[in-house]
Novice: 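Can you keep this structure in mind? I'll have questions shortly.
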Amino acid sequence: MFKDHFKKISITATSMIIFSFIASTALSISYFITKSPIDESDAKAKKIFLNQVISANLYDNDLVKDTISAEPSQLLGNKKNIEIYRAKIKNKVVAVIIESIAPDGYSGEIKTLVGIDHENKVLGVRVINHKETPGLGDYIEIEKSKWIKNFDNTSLEKITENHWAVKKDGGEFDYTTGATITPRAVIKSTYKTLLYAKENKQRLFAL
Amino acid sequence: MNSIQKIALDGFWKQNPGVVQLLGLCPTLAITTSVINGLSLGIATAIVMALSNGSVSPIRKFIPIEIRVPVFVLIIASLVTIIDFSIHAFIQPLYKALGIFIPLIVTNCIVLARVESFAAKNETTPSFFDGLFMGLGLAMVLTLLGGLRELFGKGTLFSGIDLVFGPSANNLVIHFFGDYHGFLLAILPPGAFIGLACLIALKNRIETNQ
Amino acid sequence: MNNRSPYIVNAPSVSTIMFKVLLALIPGIALYVYAYGFGVLVNIFLASLTVLLTESTILSIRKLPIKPFIFDGSGLVTAWLLALSIPSIAPWWIIVLGTLLCIIFGKHLYGGLGYNLFNPAMVGYAILLISFPAFMTHWQAPIFLIDGHFAWIDQIKIIFNSQLISKETVDAISSATPLDYIKTQLTLDQPLSRIKQDKIFGFFGGQSLEMINFGYLVGGLYLLKEKIVSWHLPVAFLLTLFLIGLIFNIYQPDTFASPLFQIMSGGSILCAFFIITDPVSAPTTPKGKIYFGIAIALLVFIIRIFGGYPEGIAFAVLFMNICVPLIDSLTQPRVFGHKQ
């Protein structure tokens, strides 16, 4: 009686072990085959995204790997260390890409990437993710509208502090009627990112 | 009618997973915001189903009955992970668009349901075709629903085709209206429920008329 | 057990009731026209026309007699409520599409009048709000707040082809609603007392809007007097909204508006007397009606203050509509002789 039982359990356990072994072998093989293509395609995708902020002909280094770390800062709104990408020509930093968080969107945080060159000029801004109302506040996405391109070539010198605002508040920037909170948040965070870049210029653009 | 034909008819029409069995509704509803999304996930699911049915059937006699479900899940999960790796490695933009829904094929009941109810009892060839046609039947529904939602929601068809075939395919996107405001409801989750309901109603209507 | 709302028994026919409901809306509509011009009438006309065409088409497809169903007036009530809920300067296709959706998805797919689970007008409104938020949150300013000359023809132009008039004119005649304005300004860290200095605010609620709400209130009281709506729903709804508004207002007067503001702005009054009182989609038991009204008021308040949209009535009503069968079965009076 007990012997039969034991035999049955052993067979079940052994077959489960065999199946697990086969499955994990198959998984390991496919993992090793696909590992380097996955890394490559991830890096490529990241590069394509970063190139929207700083166009590819402005630098000659491997942007994705050339990063420095930034401490939490009031101006960037980050609570953890974040990476700042540095674009270089012949080993001289020409521009940086900073991730910035606008805490005051209509429904939660709006994360953006801001590209800033060594003259404190904005090269481009792109939204990474947000939770704004679909059809109303989501025109900050480049797929939905060209609005985000309004930031191209702006700088602290060109636009004075009071004019970093939507037109409704007496500023320089367009907005869509019915959705002013979203652009306000993005404008404010871009402005603060520029301030951050100015204050930390030594560090960001050091070799 | 030979058995393969019957299996195909079951998969595409009589026992269609999307509109008759109503199994695997999570991806059906969540991912079908465009033709390309629906079709891609449908094909990925069909591949998983064909392979899992095809691999369970030949070894079905070696699987102790008590642990058949863990073994089935193990096989399905491995297959899904391999497909997930491959899409991530070779079609990165699509991987980003489908996101979590590729790994989630594991939890799609239709896959386990076909393995348990068909592959565990039948020979390898019919099992393989059962998985394939059931998967393609689901893919058909996903594509139709994706098309419906995309057409009403964005006024286009095949948007996002560049995710699969690269940027050069962008001119294959069909725009139906010049100035379309976008009927957002169709793209948002409620649109998926309404769209699926319409498809089910349509199928029932065709059946009652026959 | 069958929890469906009963057809009104031993009572005036459906068409008499619906006619009286339409009549009760007239004071509100008249004040609306006085304060905002003719846009709303255009919308009401378009909605009524769409209802008649859609209903006769669907009824003939369903092979039902057309005449009695069309003249019961319930479709017209739905159409008018939807027309009063959307901005009066929304493009014409908004109201046409909305009414179409109300009638098809809100009413006939469920089997027609008496079988609909959801309030048809709110189904249409919610679909429109989710699908076209830009048009649905673009409201007209009251006429006497508009700077410069305002011709009624501009309103017609905006509705039928907004490209005919300049962007400046559009900007000049549009304005945020008080609920939306408060929400927006609060994010700029302004105290409520300063926000309410703006010209769009009146005594209790929004400038002119409170007047229209007063018109709806008169109509609602008429419906109460005629015993077409029972007091449970409006009283439970308004009282709850008032109380929760009061609690928050006392707690933080610089963030939360006064309870009277909650009642006199947005669609509160219209909701209390005309929307949640829809005999088909509301509970049938008196106790159930009270719970229903309380729950909707709480949801409305939560969505207004914390939600992603400025006004939450449609979502609150639809959500509670789902709960109606449950409410009905839980509040069914105990049949004599049966144990609890």
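Throughout, a chain's letter reflects where its sequence line sits, starting with A, and its residues are numbered from 1. Computed from heavy atoms alone, side chains included, the values below leave out hydrogens, waters and symmetry copies.
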Novice: Considering only heavy atoms from C-beta outward, does the side chain of A:Arg86 approach that of A:Leu204 to under 4.5 Å?
Specialist: no

Novice: Is A:Lys79 paired with A:Glu109 through a side-chain N to carboxylate O contact shorter than 4.0 Å?
Specialist: yes

Novice: Contact part of B:Tyr95 toward chain A, heavy-atom cut-off under 4.5 Å: side chain, backbone, both or neither?
Specialist: neither

Novice: Under 3.5 Å, is there a donor-acceptor pair between the side chain of A:Trp164 and the main chain of A:Ile159?
Specialist: yes

Novice: Would the number of heavy atoms belonging to other residues, nucleotides or ligands and lying under 6.0 Å from NZ of A:Lys47 be above 12?
Specialist: no

Novice: Please report the C-alpha distance between A:Glu71 and A:Arg203 in whole Å, then the side-chain angles of each, then the deciding distance to 0.1 Å, and finally whether the salt bridge (Lys or Arg N to Asp or Glu O under 4.0 Å) criterion is met.
Specialist: CA-CA 12 Å; A:Glu71 315 266 289; A:Arg203 196 173 157 253; over 6 Å; no

Novice: Say whether B:Thr156 and B:Glu150, considering side chains only, have a donor N or O and an acceptor N or O under 3.5 Å apart.
Specialist: yes

Novice: Do A:Tyr59 and A:Asn51 pair up side chain to side chain, a donor and an acceptor below 3.5 Å, judged on atom types alone?
Specialist: yes

Novice: If you tally heavy-atom pairs under 4.5 Å against chain A, which of B:Ser86, B:Ala77, B:Pro64 wins?
Specialist: B:Pro64

Novice: Flag yes if more than 12 heavy atoms outside A:Lys46 fall under 6.0 Å of its NZ atom; otherwise flag no.
Specialist: no

Novice: Using only non-hydrogen atoms and a strict under-4.5 angstrom cutoff, which residues of residues 14-39 of chain A touch chain B?
Specialist: A:Ser15, A:Met16, A:Phe19, A:Ser20, A:Ala23, A:Ala26, A:Leu27, A:Ser30, A:Tyr31, A:Thr34, A:Pro37, A:Ile38

Novice: Can you tell me which of B:Ile91, B:Leu79, B:Ile59, B:Val71 forms the most heavy-atom pairs within a distance under 4.5 Å of chain A?
Specialist: B:Val71

Novice: What part of B:Leu188 gets within 4.5 angstrom of chain A, counting heavy atoms only: side chain, backbone, both, or neither?
Specialist: side chain

